[in-house]
S.K.: 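If you scroll down you'll find the structure; I have some questions about it.
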Protein chains: 2
Amino acid sequence: MAKASATRMKDRSGPPSAGPAVSRQPNRRADILAEAARLFAARGYDATSMRDIAAATGMLPGSLYYHFASKEELFAELHDRAVAAIDRAVDSALDGKTGAWTRLEAALAAHLAGLLENGNALAIMAPDFPDDRGDLNARLIARRRAYEDRFRDLIADLGLPETIDERLFRLMLMGAVNWSPVWYRTDGAYDPAAIAGAFIGILRMGFDPGTVSK
Amino acid sequence: MAKASATRMKDRSGPPSAGPAVSRQPNRRADILAEAARLFAARGYDATSMRDIAAATGMLPGSLYYHFASKEELFAELHDRAVAAIDRAVDSALDGKTGAWTRLEAALAAHLAGLLENGNALAIMAPDFPDDRGDLNARLIARRRAYEDRFRDLIADLGLPETIDERLFRLMLMGAVNWSPVWYRTDGAYDPAAIAGAFIGILRMGFDPGTVSK
DNA sequence: CAGATTACCAAACGATCGTTTGTTATGCTA
DNA sequence: TAGCATAACAAACGATCGTTTGGTAATCTG
C-alpha cells in the first residue's frame, strides 16, 4: 500500500467558511460519499473497490482521487461523519428528557438506531480493521472513544451502588447494543427503541426496583 | 473469485476412522492450520494472503492447495474447529456445576476465554464476512447458531419472571460478551472469569436478590 | 475576453491476489 | 524391486487492486 502523495489535493471538506463554495457540479463529492457508505456498509471495506464506488457514482476510478486522497481517507471521512451523526442523534434524543434511567434509555435507542441507519453502519463503526493499518485505525478509535464517553456520564448519573463497577456496567451495556446489528433484522419483532427499552428494563430491575413498566 | 475445482482433493479432515492415518510428514497440515489461525486472528481474513500462510509454514503458496481446496475452505475448517473447541470448553466448565446462575456464569466465562484464546479468535468467530460471500457465510452462521442454543437452555433454567423476554435477555448477554474482545486488553484489570462474573452479578442483582457475593 | 481553476476522462502502472499446472523427491505396499 | 500415493516445489496465469499521469472541456475571475 503506497503512501498517498497528497499533492494537488485540496481539502474540500471542512466548513464552507467563505464564499459561495463551488458552483459547477456541486454535488459529486456528496454522491461519492453516499455511494461509498452504501457499499462499505453492504460489503465491507476490503470487498469494496474504488472501481465499485466509481461505477456506482457514474465516474471513472481515477476521478475519485480528485476528491479524496486515498481509499482510507474516504473511509475515514465517512467514519467521522457517521460518528458525528450519531452524536447529534443522541443529542436530540436527550433533549428535554429527565431522569437518569430514562435519559440512558433514550441515548441508547438513538445510538442503536444510528448504527442501523443506511443499511448497517456497523461496518463503519465497528473495528473492521484488525490491528494492522496503524494510522487509520488509531484515528477511528480515538473518534469513537470520545463519543462513547457520553455514556460514561449518563451511567454515572444513575447513582449505582458502590459494589458495581461502572466501567464494566458501561462495557456490558454498550457491547450488548453494539452487537445488536449482528442479529437485528428489519423484519423482526423489535425496533431500536424496543431493544433499548428491554435492555434497560432488564438492568433497571436490579437497581431501581418498583419500576415495573414505564 | 473462481470456483475452486475440487478435483484431486481428498478430504483429509474428518475422523481418522480406520487405519493409522497418514504416516510420512504427519504434521504439515496441522502446521498450516495453526499458522493460518494465528494470522487470521492477527490481521483478519482479507489481509492474510495464502502467500503469508505459506511463508509462515515454510512452504510455497501452491503447496497449500494439496491440503485445502481453497482459502475459504481453510478458513471454514478453522472456524469449525474454534466453535468445537469452545463448545468443549463450555462442556468442561459446566461439569459438576450446580445452580442455574452459577452454571450460566461458568459457561459465559469459558465462552469468553475461548474467544480470547490464540490472540483473538474474534476474527474467526465474528461475522467478518458482511453479507456477500454467500456459501461460506451461511455455513459459519449455521455452526454458530447451533452452539449458541446452549445458552438458550441455560437461561431458561434461570426461571426468569414472565415479564422478561428470554430471547432479548440472551441476546443482550451474548452481545456483551461477544463484544468484549473489542476492548479486552491482556494487561488489563480483568480476566475472562472476572468479566463473566461482573456481567452475571449485574444481572443477577435484579432477579435473584439476596446474593451479594458468591 | 484571457487566464486560471475546477472536475472530470482515458489509459495505464506496478503490485498482489487466489489459484493452477507440471514436475519431483519420498516412503509405503505388494 | 516395481508401482503408487503422498507431499511438496517451481513457475506461472489471469484477474483485480489502489493509484498515477496527462489531457480536456467547462466554469469562474479579473
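Throughout, protein chains are lettered first and strands after them, A, B, ... in sequence-line order, and every chain is numbered starting at 1. These numbers were taken from a predicted model, which means no experiment stands behind them.
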S.K.: Is the backbone of B:M174 close enough, under 3.5 Å, to the side chain of B:N178 for a donor and an acceptor to pair up by distance?
M.R.: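 It does hold such a pair.
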S.K.: Scan B:I200, B:L203, B:L154 and name whichever one has a side-chain contact (heavy atoms from CB on, under 4.5 Å) with B:E105.
M.R.: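 Of the listed options, the one satisfying the test is B:I200.
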S.K.: Does C:dT19 have its OP1 or OP2 closer than 4.0 Å to a side-chain nitrogen or oxygen of B:Y65?
M.R.: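 For B:Y65, the contact criterion (side-chain N or O under 4.0 Å from OP1 or OP2 of C:dT19) is met.
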S.K.: Closer than 3.5 angstrom, by distance alone: can the side chain of B:R150 be matched with the main-chain N or O of B:D87 as a donor-acceptor pair?
M.R.: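 At least one qualifying donor-acceptor pair exists.
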S.K.: It should be established whether A:S49 places a side-chain nitrogen or oxygen under 4.0 Å from OP1 or OP2 of nucleotide D:dT16.
M.R.: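 For A:S49, the contact criterion (side-chain N or O under 4.0 Å from OP1 or OP2 of D:dT16) is not met.
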S.K.: Calculate the interatomic distance between A:E73 atom CD and D:dG18 atom P; express it in whole Å.
M.R.: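 So the CD-P distance, A:E73 to D:dG18, works out to 15 Å.
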S.K.: Run the ring-centre check on B:F40 versus B:H79 and record whether the distance is less than 6.0 Å.
M.R.: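 No, too far apart.
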S.K.: Within the distance-only criterion (no hydrogens, no angle test), does the side chain of A:R170 pair as donor or acceptor with the backbone N or O of A:R152 below 3.5 angstrom?
M.R.: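 Not at all, since once roles are kept as given, no pair shorter than 3.5 Å links the two residues.
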S.K.: Where the side chain of B:S63 is concerned, which of D:dT19, C:dT19, D:dA8 is the nearest nucleotide?
M.R.: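 Out of D:dT19, C:dT19, D:dA8, the nucleotide with an atom closest to B:S63's side chain is D:dA8.
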S.K.: Report the relative orientation of the aromatic rings in A:W179 and B:W179; use parallel for angles under 30°, tilted for 30 to 60°, perpendicular for over 60°.
M.R.: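 Rings of A:W179 and B:W179: perpendicular, as their planes differ by over 60°.
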S.K.: Nearest whole Å is fine: how far is C:dC17 P from B:D52 CG?
M.R.: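 Spelled out: CG on B:D52 to P on C:dC17 is 6 Å.
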S.K.: Between protein and nucleotides 11-14 of chain D, what N or O pairs are separated by less than 3.5 Å?
M.R.:
none

S.K.: Tell me: CG of A:D31 to C1' of C:dC8, nearest whole Å?
M.R.: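 Answer to the nearest Å: 14 Å.
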S.K.: Heavy atoms under 4.0 Å, any strand shown: does B:T48 hit a base, just sugar-phosphate, or nothing?
M.R.: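 Result for B:T48 = sugar-phosphate.
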S.K.: Ignoring backbone atoms, test whether B:H67 places a side-chain nitrogen or oxygen under 4.0 Å from the OP1 or OP2 oxygen of D:dT6.
M.R.: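 For D:dT6, neither OP1 nor OP2 has a side-chain N or O of B:H67 closer than 4.0 Å.
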S.K.: Between P on C:dT20 and NZ on B:K71, what's the gap in Å once rounded to a whole number?
M.R.: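 Those two atoms, NZ and P, are 15 Å apart.
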